[in-house]
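Worksheet for the structure shown next.
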Amino acid sequence: MVREWDPRTASSAEIASLLATLNAVLAADLPQDPPWRETSLREYLAEVMPGERRISWIAQAEPTAAGDTGEVLGQVHVLLLGDIGVLEVLVHPSVRRTGLGRDLVLRAARRVYQEGFQSIGVEVVGDTPAVGFYESLGFTREYVETRSVLDLTAVDWAELAEMATGISAGYQVEFFPGGPPDDLLEAYARAKAEVRDVDDGELRPSSYDPERLRDSLDTLHRRGMKPYIVLARHEQSGEVAGLTEVVVPAQHPTRADQYDTIVAQDHRGYGIDRAIKARMLLELRSAEPELIEVQTWNAQANEAMLKVNAELGYRPDRDWCEYSVDVAELVHRLDPPR
Ligand SMILES: CC(C)(COP(=O)(O)OP(=O)(O)OC[C@H]1O[C@@H](n2cnc3c(N)ncnc32)[C@H](O)[C@@H]1OP(=O)(O)O)[C@@H](O)C(=O)NCCC(=O)NCCS
């Protein structure tokens, strides 16, 4: 049975069952990824940025005993933002190739269509069944990034400490657990806005104005994801010359996510990228003792950043693709008018 589902009011048994299915999916498709925990999972699924909506459905098995909750065998949610619906679908490995995935996509697509949205986007992990699945539904590949993973147990910390200080004179590097302080939000957002057009093609969502940035930090906190920031400030002008963001999610605190790393145009060539990333890892080592890996996503064309990541010890892991489809075409393909 498939039904619309609200994580805010879902029973704890349903949340636990969804977690079990998510971990079965990870074990089947991404066995090197750490399993997720239940900590803040409900909030992770329920909380969104102001102005955005996430709508979810679950596929549930028949309860096996009275008072029992049927096992959650699949889930789909779509995040409605701007003019696009961002889709995520999960089907338990034990019930794959029975048409459930297609059925879940159809539920979400119909709603996205009714709400008047134009297109649906989805992140698809290379070398997993999702590639064949979305291609069979007519989704096309927009671009590909590489996910790389850094194993902190293999890091040479002395060398890293040296990298952290290898920055030209005239810059001050600062660490902010929890996010940038209020008085820096504007300069921070300015640095992000400046490179928006220059470094096109990265997948991570970004916030370019102070209000949006504040909302995005609040949303992260509400979803149980702790942001850490390292900034390089140009001493003379007070400008934010570079920044790097890492998020440690309560759902998988042994593996952190690298978000944006930005060096403003005028401040390139001074060793900022390497120094701020190295400083971040040194800080995380004491701030997050459970942490053993950091993952990052880069456009394959972003050679400068890939080079620095390789020096830090990141190893390429998977292709991470963005696919999209026209909603009307998808609905008509899956649900032809009779
Ligand atoms: C992708 C996924 C949703 C597919 O679910 P499913 O219920 O098995 O899909 P369906 O049975 O509806 O398949 C529909 C069509 O997709 C295509 N398809 C599905 N799996 C495929 C595969 N492994 N290889 C090639 N084509 C595939 C087929 O054309 C299939 O039709 P057919 O079975 O009649 O040939 C499921 O494998 C899944 O949950 N993957 C994990 C997704 C994810 O986001 N993971 C994140 C962490 S990796």
Side-chain angles (χ1 to χ4, degrees), residues 1-3 5 7 17-38 41 44-45 54-61 70-79 84-112 120-142 144-149 203-205 223 225 249 251-252 254-257 293 295-297 316-325 329-336:
M1 177 193 64
V2 176
R3 64 179 170 91
W5 182 77
S17 180
L18 176 58
L19 175 67
T21 290
L22 169 63
N23 283 332
V25 164
L26 286 172
D29 293 352
L30 286 172
Q32 311 299 329
D33 279 40
W36 282 41
R37 303 178 185 178
E38 206 169 322
L41 183 58
Y44 177 87
L45 295 166
R54 190 187 288 109
I55 313 174
S56 308
W57 292 259
I58 54 168
Q60 225 167 353
E71 192 188 347
V72 176
L73 296 171
Q75 195 231 0
V76 59
H77 58 236
V78 65
L79 181 66
I84 184 172
V86 179
L87 188 73
E88 280 189 47
V89 187
L90 286 179
V91 171
H92 195 288
S94 64
V95 293
R96 287 184 181 173
R97 299 306 283 265
T98 63
L100 179 55
R102 186 194 298 255
D103 185 20
L104 290 169
V105 169
L106 177 58
R107 304 272 172 155
R110 273 196 203 127
R111 176 66 67 83
V112 175
I120 290 183
V122 63
E123 275 185 22
V124 178
V125 185
D127 257 338
T128 69
V131 175
F133 174 69
Y134 287 107
E135 289 182 353
S136 82
L137 300 183
F139 284 69
T140 52
R141 187 179 288 204
E142 299 292 337
V144 187
E145 290 195 326
T146 303
R147 181 178 75 168
S148 304
V149 179
L203 268 186
R204 303 294 98 203
R223 297 182 82 198
M225 303 162 85
Q251 300 82 14
H252 52 88
T254 60
R255 184 184 284 201
D257 298 323
E293 290 168 316
Q295 56 187 356
T296 186
W297 291 261
D317 171 49
R318 295 265 178 164
D319 282 350
W320 218 265
C321 316
E322 174 101 340
Y323 277 71
S324 75
V325 73
E329 274 173 30
L330 177 65
V331 170
H332 291 131
R333 185 176 302 116
L334 291 178
D335 202 6

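Whatever order the structure lists them in is the order used to number ligands and atoms, beginning at 1.
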Quiz item: Within 45° of the axis and under 6.0 Å from the centre of the six-membered ring of Tyr323, does NZ or CZ of Arg141 qualify?
Solution: no
message: Does the plane of the ring in Phe139 sit parallel, tilted or perpendicular to the ring in Tyr134? Use 30° and 60° as the thresholds.
response: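 Phe139 vs Tyr134 ring planes: perpendicular.
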Can you give me every donor-acceptor pair (side chain of residues 70-79, partner residue at least two apart or in another chain, under 3.5 Å) with its distance?
residue: Gln75; atom: NE2; partner: His77; partner atom: ND1; Å: 3.2

*For Arg111, what residues pass the salt bridge (Lys or Arg N to Asp or Glu O under 4.0 Å) criterion, not counting sequence neighbours?*
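Partners of Arg111 by the salt bridge (Lys or Arg N to Asp or Glu O under 4.0 Å) criterion, ordered by chain and then number, come out as Glu4.
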Sorted by chain and residue number, the salt bridge (Lys or Arg N to Asp or Glu O under 4.0 Å) partners of Arg102 (sequence neighbours excluded) come out as none
| said: With heavy-atom distances below 4.5 Å as the criterion, would you say the side chains of Thr128 and Phe133 are in contact? | reply: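 When only atoms from C-beta onward are counted, Phe133 and Thr128 do not touch, as no gap falls below 4.5 Å.
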Contact set, ligand 1, heavy-atom distance under 4.0 Å, ordered by chain/number, equals Val25, Asp29, Leu30, Val89, Leu90, Val91, Arg96, Arg97, Thr98, Gly99, Leu100, Gly101, Arg102, Pro129, Ala130, Gly132, Phe133, Ser136
